[in-house]
Structures are given as C-alpha cells and as structure tokens.
A.B. asks: 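Please read through the structure below; I'll follow up with questions.
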Amino acid sequence: MRDLLPLLDAIPFPALSRGKLDTLQVNVGYRCNQSCFHCHVNAGPNRTEEMAGEVADTVIEFIERRSIKTLDITGGAPELNAHFRRLVTAARARGVHVMDRCNLTILEQPGQEDLADFLAAHGVEVVASMPCYLQDNVERQRGKGVFDGSIRGLRALNARGYGRDPQLPLNLVYNPQGPALPPGQAALEADYKRVLGEQYGIVFNKLFVLANMPIQRFGSALVTKGEFDGYLQLLQDAHLDANLAGVMCRNLISVDWQGYVYDCDFNQMLGLSLERGGREHVRLADLLDDDLAGNPVRVAGHCYGCTAGQGSSCGGALKEAAE
Ligand code: SF4
Ligand code: SF4
C-alpha cells in the first residue's frame, strides 16, 4: 500500500475549524468478512487490529461526559468486535442514537445469526453499503456472492421491521465504481427503490451517495494506473465552497481501535491525527473534559472528496441532504 499523504498534503484545501461535537465515530477494528476493492480502511478477514475492552470503556465514558448524541460504529465489520454489543447497549441505555455501518453479508456469518434481532431490539440505525442494484457491479467491487448475500441481509432486516418502522431506519450507501463523480442522490435513490422493490421486494429509507476517497486501496490503484492526478483534478474542479459548512469533521470525531482521535475516518486511514494545542496523537481519554469547538481540522487534498459537486458526508450528498 502506498503512502499517499505526501501527495495529498501537497494539494491546498481551504482552512476548516470544528463546530459543536455531537457525533462520535468509532472504528472498532479492521477485521471484515469481505475485502472490497474500494475499501478505504483496507479491511479483510486477516486483519487482527481490534478495539480492546478498556478503549470501549473510555468510549462509553466519553459519550456520557461529552453528551454525545450519535454513536457511529464502523470497522471492518464492526459486529465482529467482542465489545460491539456492549457499546450498542451502553449507548442506547443513555438515549444515544446508534448507527451500525453494516456490510449486510455479516448477518449470515457463523455466530451472527441473532444479529438482526439484536439490532432491531436496540433500535440501531443500519447503514449498509450497496454500491449498485445490479449483481455484476456489486460483485466486481465487493467480491463474488456478495450481491446475493446482501439481498438476503436486506430481507432479514426488512423482516424485523427495518425500512418500514420509523424507529428502524435502513439506509444504503452508494459509491461509484471508478474515478468518477457520483450521480445525483435523489434520482439514484428512486432507481434503487424501484429496482430493489420490484425485483427483490426490498424496502429501505435513504440512499447516501458518496464520492470515492483517493486513499488506501482505491487511492493506491489510481496511482498505479496513472489516474491519481486526473481524479484529484476532477474533485478539485467540482469543489463548491458551499459544501464546506456541512462536512462531517465539523461535528464528528473519529476514534481508532487504539483510542487515538482523528478529525474523520478518512484522516484516520491516512494517519493524520487530530491536533490539539500543538500536540498530535491525542487519545480519547485526553479529551474527556475538552471542548473541541474552534479547533482547526487537519485538511489535505483528499478533502475535495467531501466537497466536490453535491458533496459527501457520512449522511450522503450534502446539497440534497440540506434540501
Ligand atoms: S465490507 Fe466494508 S469494511 Fe469490509 S472490506 Fe468491504 S468496504 Fe471494507
Ligand atoms: S476528508 Fe472530509 S471530513 Fe475528513 S477532514 Fe477532510 S473535509 Fe473533513
């Protein structure tokens, strides 16, 4: 894997500072039952990095002390972490909204047979990657058998009320196959709903449309194919200042499996740690009594992936999300 930070750091991006923190995104480890081509965390079945119990304890303490409104749990396949269910239960007991970044196929992995019931019982929002409604496109990006497994996963969630019950939101995530800007969110969501509904009887709430980030496996492949500069230029040409106000690093911090803190998940993957008072490698335990409002965000060229065109945040297109 190439170190892309020097390339990205050489590209100027407008200064950003933090607003009020309301969302804690926790990456509980890189183990995953899949190894998708575009994966920005480079996850897979052989990764061994896992959040330990003491770090999970700090996450729970932080949620309480900083009055966090949303806990966004990601990975790898976050459900594989031994503390996943404890984090969910503790956050829900404190009235915190919980999002599970679920890859759908995890729902039928051995040992996860009761996962759909657990998620539904705790009112967890499921955010699931589904890069296309066509089998070939999904499997080119995410591996053979993933499309059928994803459809079975969506059906299992629908059977528990997901996508129908307002307390059980089921949202899908789309990202383009290659170095192109994503299409409009509203039109694509309508297509997804029509095809998945008519052909598979599946219902869901929203489609979040995200640009591919030029980092990790996807970014390295762009460099190898000589497409990195062209893709970065495409993102920069499509940048809109209006999207700067809605980028997720303004109200979210991202914590890695060891408890180190970053301005977002993408910075985490680049090893670009949050800076506080001139210090890098800040840990969540150091911030229990700290208000980060006004703190500068570490930005670089990849940030154009958040501000190009309709913009991308963890909640999909910024422009359409605001409408
Ligand atoms: S399912 Fe998600 S975390 Fe796992 S390899 Fe694919 S993109 Fe990465
Ligand atoms: S990648 Fe996006 S969310 Fe992360 S620091 Fe840059 S603008 Fe903010």
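Numbering of ligands and ligand atoms starts at 1, following listing order.
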A.B. asks: Which ligand 2 atoms does F266 reach within 4.0 Å, using its non-hydrogen atoms?
C.D. replies: 1 (S)
A.B. asks: Within ligand 1, which atoms have a heavy atom of N103 less than 4.0 Å away?
C.D. replies: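 The atoms of ligand 1 under 4.0 Å from a heavy atom of N103 are 1 (S).
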A.B. asks: Do H239 and D237 have side-chain N/O donor and acceptor atoms under 3.5 Å apart?
C.D. replies: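 Absent: no donor and acceptor within the cut-off.
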A.B. asks: Measuring to atom 6 (Fe) of ligand 2, does H302 have an N/O/S atom at a distance below 2.8 Å?
C.D. replies: no
A.B. asks: Looking only at heavy atoms, is any part of V297 under 4.0 Å from ligand 2, and if so is it the side chain, the backbone, or both, or is it neither?
C.D. replies: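 Within the 4.0 Å criterion, V297 contacts ligand 2 through side-chain atoms alone.
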A.B. asks: Does a side chain donor of either E50 or N81 reach within less than 3.5 Å of an acceptor in the other side chain?
C.D. replies: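 Yes, side-chain donor-acceptor contact under 3.5 Å.
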A.B. asks: Regarding Y30 and N42, is there a side-chain donor-to-acceptor distance under 3.5 Å anywhere?
C.D. replies: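 Short answer, no.
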A.B. asks: Taking 4.0 angstrom as the limit and counting only heavy atoms of C32, give me the atoms of ligand 1 inside it, by number and element.
C.D. replies: 1 (S), 3 (S), 4 (Fe), 5 (S)
A.B. asks: Answer side chain, backbone, both or neither: which part of V299 comes under 4.0 Å from ligand 2, heavy atoms only.
C.D. replies: neither
A.B. asks: Check for me whether the distance between the ring centres of Y304 and Y231 falls short of 6.0 Å.
C.D. replies: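 Judged by ring-centre distance (under 6.0 Å), Y304 and Y231 do not meet the cut-off.
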A.B. asks: Give the single entry among S150, S129, G44, C36 that approaches atom 5 (S) of ligand 1 most closely by any heavy atom.
C.D. replies: C36
A.B. asks: Using a 4.0 Å heavy-atom threshold (strictly under), name the region of C306 that reaches ligand 2: side chain, backbone, both or neither.
C.D. replies: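 For C306, only side-chain atoms sit under 4.0 Å from ligand 2.
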A.B. asks: Going by the atom numbers of ligand 2, which of them fall below 4.0 Å from some non-hydrogen atom of M248?
C.D. replies: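 So the atoms of ligand 2 that pass are 3 (S).
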A.B. asks: Around atom 2 (Fe) of ligand 1, find the nearest protein heavy atom and jot down its residue, atom name and distance.
C.D. replies: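 So the nearest neighbour among protein heavy atoms is R142 NH2, 4.3 Å.
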A.B. asks: Please write down residue, atom name and distance for the protein heavy atom closest to atom 3 (S) of ligand 1.
C.D. replies: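 Checking every protein heavy atom, the shortest distance to atom 3 (S) of ligand 1 gives G76 O, 3.6 Å.
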A.B. asks: Is the closest side-chain donor-acceptor distance between R164 and N158 under 3.5 Å?
C.D. replies: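 No, N158 and R164 have no side-chain donor paired with an acceptor closer than 3.5 Å.
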A.B. asks: Aromatic rings F84 and F118: how do their planes relate, parallel, tilted or perpendicular, breaks at 30° and 60°?
C.D. replies: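 Tilted: the ring planes of F84 and F118 meet at 30° to 60°.
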A.B. asks: Any side-chain to backbone donor/acceptor pair from D72 onto Q25? Under 3.5 Å, distance only.
C.D. replies: no
